[in-house]
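Each remark here refers to the structure printed beneath this line.
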Amino acid sequence: MNETIVIPTLDVEAIKQDFPILQRKVHGRALHYLDNAATSQKPRAVLETLDTYYREYNANVHRGVHTLSEEATARYEGARAKIARFVNARSPKEIIYTRNATEAINLVAYAWGLANLRPGVRVVSTEMEHHSNIVPWQLVTQQAGAGLSYVPFDEDGRLQLDALDRALEDGRTKLVAFTAASNVLGTINPVKEIVARIHAAGALCLVDAAQAVPHLPVDVQDWDCDFCVFSGHKMMGPTGIGVLYGRRALLEEMPPFMGGGDMIREVRLTGSKWNELPWKFEAGTPAIAEAIGLGAAVDYLTALGMERLRAHEVELVTQAWERLGEIPNLKRLGPPPPERSGLVAFAVDSIHPHDLAAILDQEGIAIRAGHHCAAPIHEKLGIAASARASFYIYNTPEEIDLLVAGIYRAKDIFAI
Ligand SMILES: Cc1ncc(COP(=O)(O)O)c(C=O)c1O
């Protein structure tokens with residue numbers, strides 16, 4: 001007998017009470033925050049964790065033998081263990097703190113890339129990447145004299161996997177860097193299948209999970225990926241803290257990215273020896289409060305349940321997709337739900353996205369407008385920019401009604 005699994009729905013009204021910022025007004029209107037793909041709001045649990053750190057045990061980590069330093073170190077390393085469990089890493093040693101997803105990609109591009117890339121080999125990225133998964137590879141492949149090519153996406157916004165296979169055929173591709181979920185198209189890529197193809201060709205992969213870890217259950221062992229990156233601020237954590245997950249054997253082999261305090265075991269004027277993982281990659285005083293704050297965000301997400309969170313976003317994005325589809329002269333970007341993440345980017349004929357965002361802002365509705373740091377996607381689609389509404393746990397179906405009404409009002413203003 002087939003059992004239907006019922007995922008309990010979220011109590012959104014109760015959740016909203018956890019986010020003090022949602023009580024504020026914008027232009028005299030209640031705030032409707034639909035820009036979560038850019039950054040998320042922070043629950044009280046995260047704000048209080050930051051406050052408590054500075055009020056009660058602010059100290060540097062790994063250094064002092066005094067109580068405050070021991071407390072700070074225990075919580076800083078405790079947060080790492082929580083993050084490791086959250087994405088199912090084998091060990092906290094595989095979790096490197098960085099400033100954000102961008103820095104995590106740069107870490108791999110420079111530390112792994114400069115040691116492994118040379119003329120005659122290539123890196124493969126895709127046409128649906130955020131600039132942060134394109135530019136570091138351009139910089140490093142240029143420096144190493146290696147090639148760089150891109151897997152295209154089709155008119156539905158799906159990666160053309162046959163093109164990936166072709167790029168893997170000649171054995172020259174050393175690493176494929178691709179996104180788990182596009183921040184413009186909303187496409188959720190079949191990560192496990194893509195990783196299997198990459199590994200079958202003897203290459204490594206880096207998964208940009210900046211739009212996946214905050215919104216979907218992610219299991220790096222199930223994906224079998226080599227590197228995976230994400231940002232704390234998009235998953236209710238503070239800014240200034242991000243994560244690189246790396247397979248331990250690869251991280252052990254890689255040289256450090258930056259040098260300085262904490263990442264060394266021994267320093268002589270004639271040379272130095274590196275600290276063990278994960279500290280080998282964490283030079284200087286780290287973002288201590290932010291890391292501990294990210295640990296609190298992980299606790300919050302874990303208590304909500306990622307399956308429930310995803311179910312809520314599927315409901316919202318399905319509704320948004322349908323309602324936006326009814327608006328004349330509005331083009332939605334990417335594939336239809338449920339195969340998409342909780343965001344919809346769109347373009348309205350004859351209204352610049354910045355004008356639309358400014359009109360919506362007057363009504364307290366925050367959306368993003370521009371190229372969303374993914375100019376090549378827009379270039380391929382033949383549009384300069386788009387508007388984007390992106391959802392999270394505190395958003396409601398009523399906010400989609402307000403968004404749609406706001407777009408109609410903008411059309412009235414522009415008389416189209
Ligand atoms: C898919 C994707 N990758 C990477 C990033 C970069 O994140 P950050 O700016 O936090 O480094 C973003 C941010 O929008 C993103 O959406």
Side-chain angles (χ1 to χ4, degrees), residues 33-42 46 83 87 96-110 125-139 150-151 153 157-159 176-189 191 194 205-216 218 223 225 227-245 257 281 287 290-291 293-294 297 313 317 333-335 340-345 353 366-378 385-392:
Y33 187 76
L34 304 180
D35 193 18
N36 293 286
T39 199
S40 63
Q41 299 303 346
K42 321 300 174 200
V46 169
I83 295 162
V87 296
I96 314 292
Y97 288 131
T98 61
R99 204 155 50 89
N100 46 37
T102 303
E103 188 178 275
I105 296 171
N106 276 273
L107 192 165
V108 177
Y110 282 93
S125 179
T126 88
E127 287 182 348
M128 65 164 73
E129 301 306 311
H130 187 280
H131 295 163
S132 64
N133 206 17
I134 296 177
V135 183
W137 300 113
Q138 290 175 338
L139 288 166
Y150 302 96
V151 177
F153 60 85
R158 295 192 177 89
L159 279 182
V176 181
F178 68 99
T179 192
S182 161
N183 64 317
V184 176
L185 302 168
T187 316
I188 298 177
N189 285 316
V191 176
I194 294 174
C205 65
L206 177 144
V207 182
D208 174 357
Q211 297 292 347
V213 170
H215 301 283
L216 311 166
V218 166
W223 277 354
C225 55
F227 301 107
C228 174
V229 306
F230 49 100
S231 283
H233 68 92
K234 293 186 198 284
M235 52 193 284
M236 300 187 226
T239 51
I241 187 78
V243 172
L244 166 65
Y245 157 81
F257 175 40
F281 293 105
E290 290 79 359
L294 178 55
E313 288 189 20
V317 80
L333 312 184
R340 63 180 297 123
S341 65
L343 63 87
V344 188
I367 64 159
R368 177 90 184 254
H371 55 45
H372 321 301
C373 295
I377 297 181
H378 290 83
S386 61
R388 182 184 68 190
S390 52
F391 310 113
Y392 218 0

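Computed from heavy atoms alone, side chains included, the values below leave out hydrogens, waters and symmetry copies. Numbering of ligands and ligand atoms starts at 1, following listing order.
- Taking atom 2 (C) of ligand 1 as the reference point, the nearest protein heavy-atom neighbour is Asp208 OD2, 3.4 Å.
- In this structure Arg368 satisfies the salt bridge (charged side-chain N to carboxylate O under 4.0 Å, His left out) test with no other residue, sequence neighbours excluded.
- With ligand atoms numbered from 1 in the order given, ligand 1 contributes 3 (N), 4 (C), 5 (C), 6 (C) to contacts under 4.0 Å with heavy atoms of Ser132.
- Every residue meeting the salt bridge (charged side-chain N to carboxylate O under 4.0 Å, His left out) condition with Arg388, not counting sequence neighbours, appears here in chain and number order: Asp35.
- When only modelled atom types and interatomic distance are considered, His130 and Thr179 share no side-chain donor-acceptor pair under 3.5 Å.
- For Arg99, the CZ atom is loosely surrounded, since the number of other residues' heavy atoms within 6.0 Å does not exceed 12.
- Each of the following atoms of ligand 1 lies closer than 4.0 Å to a heavy atom of Ser231: 7 (O), 8 (P), 10 (O), 11 (O).
- Under a 4.0 angstrom heavy-atom cut-off, Cys373 registers as lying outside contact with ligand 1.
- Scanning the protein for heavy atoms near atom 12 (C) of ligand 1, the closest one is His130 CD2, 3.2 Å.
- If you look at Glu129 next to ligand 1, there are no close heavy atoms at all, none under 4.0 Å.
- Within the 4.0 Å heavy-atom criterion, the part of Lys234 lying near ligand 1 is the side chain and not the backbone.
- Considering backbone and side-chain N/O of Glu103, none are found under 3.5 Å from N/O of ligand 1.
- The parts of Thr102 lying near ligand 1 are both backbone and side chain, judged by heavy-atom distances below 4.0 Å.
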- [ ] With side chain to side chain contact (heavy atoms under 4.5 Å, CB included) as the test, would you mind laying out the steps for Val87 and Phe230 before giving the verdict?
- [x] CA-CA 11 Å; Val87 296; Phe230 49 100; 3.9 Å; yes
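- Here is the list of ligand 1 atoms found below 4.0 Å of a heavy atom in Asn183: 16 (O).
- Less than 4.0 angstrom separates some heavy atom of Ala101 from each of these atoms of ligand 1: 7 (O), 11 (O).
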Task: Ile105 and Trp137: CA distance, side-chain angles, deciding distance, side chain to side chain contact (heavy atoms under 4.5 Å, CB included) verdict - done: CA-CA 9 Å; Ile105 296 171; Trp137 300 113; 3.7 Å; yes
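- In terms of heavy atoms, Pro335 sits closest to Arg158 at CB-NH2, 3.7 Å.
- Considering every non-hydrogen atom in both Met235 and Ala297, the closest pair reads O-CB, 3.5 Å.
- At the top of the distance list for atom 16 (O) of ligand 1, counting protein heavy atoms only, stands Gln211 NE2, 2.7 Å.
- Residue contact annotation: His372 has no non-hydrogen atom under 4.0 Å from ligand 1.
- Distances shorter than 4.0 angstrom do not occur between any heavy atom of Asn133 and any atom of ligand 1.
- A donor-acceptor distance shorter than 3.5 angstrom exists from the side chain of Ser182 to the backbone of Val184, with no hydrogens or angles considered.
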